> 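Okay, here's the structure, questions in a sec.
A, B, ... follow the sequence lines: proteins, then strands. Residue 1 opens every chain. Quick caveat, the model's predicted, so the values are computed rather than measured.
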2 protein chains.
Amino acid sequence: MSATGDLKKTLYEQLARLGKAVASPARLELLDLLCQGPRTVESLAHEAGLSVANASQHLRVLHGARLVEGEKNGLFVTYRLADPAVGDFFQTLRALGEKRLAEVDAILREFREAPESLEAIEKETLLNRVKKGEVILIDVRPAEEYRAGHIPFAMSVPLKELGSHFAKLRRRQPIVAYCRGPYCVLAVEAVKQLRAKGFRAARMDDGIAEWRARGLPVAVSEVAK
Amino acid sequence: MSATGDLKKTLYEQLARLGKAVASPARLELLDLLCQGPRTVESLAHEAGLSVANASQHLRVLHGARLVEGEKNGLFVTYRLADPAVGDFFQTLRALGEKRLAEVDAILREFREAPESLEAIEKETLLNRVKKGEVILIDVRPAEEYRAGHIPFAMSVPLKELGSHFAKLRRRQPIVAYCRGPYCVLAVEAVKQLRAKGFRAARMDDGIAEWRARGLPVAVSEVAK
DNA sequence: AAACTATTCAAGGATACAATTGAATAGTGT
DNA sequence: ACACTATTCAATTGTATCCTTGAATAGTTT
């Protein structure tokens with residue numbers, strides 16, 4: 001038992017490496033962003049509000065736990081999830097937080113109970129309605145994330161450029177906006193702006209990760225290298 | 001974005017509470033034990049090789065993350081998983097470690113490639129063979145864990161008492177031993193001892209948590225209070 | 001009430017970790 | 001070769017965490 005006991009000890013130590021990797025809010029935010037698709041260090045640092053050096057260090061920790069991988073392309077290093085299983089793990093962590101931590105639930109309710117949330121539309125039928133042109137589906141994440149993977153037939157309308165699209169859209173046609181998922185505020189903000197301009201807009205709280213997790217199709221517009 | 005940005009920040013902080021809870025080897029071992037069933041502080045501390053005060057503190061951390069719950073019965077406090085979803089999360093963490101951490105994989109290979117491992121027997125048909133009496137299935141965990149939940153028709157034969165069962169068993173009848181799961185050494189040791197005595201013994205590497213996760217039936221012999 | 005038990009609390013020192021800063025590295029463009 | 005850029009490394013400081021120790025709490029038994 002002593003020889004095998006040591007084995008067991010080191011085993012929990014190894015698993016704790018994964019735990020430590022997700023024990024920091026900053027790293028969780030980075031992981032969440034990487035679930036949307038690959039990105040460079042600077043881009044991640046900017047989006048998460050971290051200094052570049054700090055983000056780099058956190059990414060190194062995530063890399064040490066084998067959760068992400070970085071590939072150097074010229075001057076930039078592009079990080080991505082090391083495995084789709086990492087995304088699954090993150091989803092499970094989030095689900096557990098939602099279920100067990102009252103605080104998380106309360107925060108999420110602020111999003112979900114907002115009038116912008118889309119409750120009525122079945123996600124399975126949404127795609128068909130989009131195909132028929134009955135609904136316009138817009139992806140309000142940065143163009144970079146759209147290219148890395150988006151819902152089929154969705155238009156890329158980054159939140160920052162939303163204003164310049166007002167003229168192109170018809171006020172009668174229902175618009176559904178989505179972004180990174182239930183935690184992301186981009187679609188909430190987009191719907192707010194659209195409604196203020198008189199559009200019929202709703203928010204879908206699923207993001208690409210949730211969409212993919214349901215086994216629904218994902219489109220990619222980036223050219224593979 | 002600043003008001004909602006704060007929300008997002010606190011959200012990752014909340015999720016990091018879960019990460020911190022599973023960032024310590026000692027807490028992971030306690031969680032693993034609790035996945036087998038409820039236990040008292042002293043029992044957990046002894047099994048994990050921790051001082052009682054230390055175990056109590058770790059359990060308090062797990063409780064703070066809402067992963068476990070304690071109930072005071074007289075002089076003892078019995079801890080249990082706060083939700084079956086916690087067990088799922090632990091399994092996902094373990095699966096990720098197995099898949100991504102070469103070190104975990106190497107440690108597990110020592111168990112799996114051992115001659116004691118049971119590869120040939122299909123788990124789905126095992127139960128039928130046990131029912132027909134073709135195979136004897138023994139649960140070599142402590143009796144406490146057996147009572148909290150075990151595979152139907154399995155006999156409780158705690159490893160420590162294995163020696164006193166030799167006389168009762170027929171050498172011809174195949175014996176399958178199981179314990180807490182792939183990481184646990186109890187069944188490995190049991191099979192080693194049985195084979196040394198001339199029995200036809202094999203190890204099933206799934207434990208109760210894996211068995212339950214497959215949707216297979218679990219029996220309980222403890223009286224509900 | 002007194003002795004005893006399981007658990008928790010509180011304080012301490014050693015260790016590990018997070019964020020900042022400034023320098024070093026490796027690659028690009030002129 | 002030169003300036004420039006994205007990223008990483010190294011050193012520092014403040015903070016959080018881990019484990020131990022000894023005392024406190026709550027409940028049981030005699």
> Using modelled atom types only, decide if a donor and an acceptor are shared between the side chain of Arg203(B) and the backbone of Ala177(B) within a distance under 3.5 Å.
no
> Scan for ring-ring contact (aromatic ring centres under 6.0 Å, His included) pairs involving residues 56-82 of chain A, sequence neighbours excluded, and state none if there are none.
none
> Can you give the first and last nucleotides of DNA chain C, 5' to 3', that have an atom under 4.0 Å from a heavy atom of chain B?
dT5(C) to dC9(C)
> Output every pair passing salt bridge (charged side-chain N to carboxylate O under 4.0 Å, His left out) with a member in residues 86-95 of chain A, not counting sequence neighbours, ordered by first then second residue.
Asp32(A)-Arg94(A), Arg94(A)-Glu210(A)
> Only counting residues at least two apart or in another chain, list the ones meeting side chain to side chain contact (heavy atoms under 4.5 Å, CB included) with Ala53(B).
Ser51(B)
> Report all interatomic pairs (protein N or O, nucleotide N or O of nucleotides 19-22 of chain D) with separations under 3.5 Å.
{"residue": "dC19(D)", "atom": "OP2", "partner": "His58(B)", "partner atom": "NE2", "Å": "2.5"}
{"residue": "dT20(D)", "atom": "O4", "partner": "Gln57(B)", "partner atom": "NE2", "Å": "3.3"}

> To the nearest angstrom, how far is Leu62(B) atom CG from dC18(D) atom C1'?
14 Å
> Both Val61(A) and Ser56(B) contact DNA chain C. Which one's nearest nucleotide lies toward the 5' end?
Ser56(B)
> Evaluate the criterion side chain to side chain contact (heavy atoms under 4.5 Å, CB included) for residue pair Lys99(B) and Asp83(A); output intermediate values, then yes/no.
CA-CA 9 Å; Lys99(B) 191 163 193 187; Asp83(A) 197 296; 3.5 Å; yes
> Is Arg39(A) salt-bridged to Glu144(A), going by a charged N under 4.0 Å from an acidic O?
yes
> Determine, stepwise, if the pair Lys20(A) / Glu13(A) fulfils salt bridge (Lys or Arg N to Asp or Glu O under 4.0 Å).
CA-CA 10 Å; Lys20(A) 282 176 190 161; Glu13(A) 274 165 25; over 6 Å; no
> With DNA chain D as reference, determine whether Leu59(A) or Leu75(A) sits nearer its 5' end, using the nearest nucleotide of each.
Leu75(A)
> Give every residue pair that meets the ring-ring contact (aromatic ring centres under 6.0 Å, His included) criterion with at least one member in residues 141-166 of chain B, sequence neighbours excluded.
Tyr146(B)-His150(B), Phe166(B)-Phe199(B)
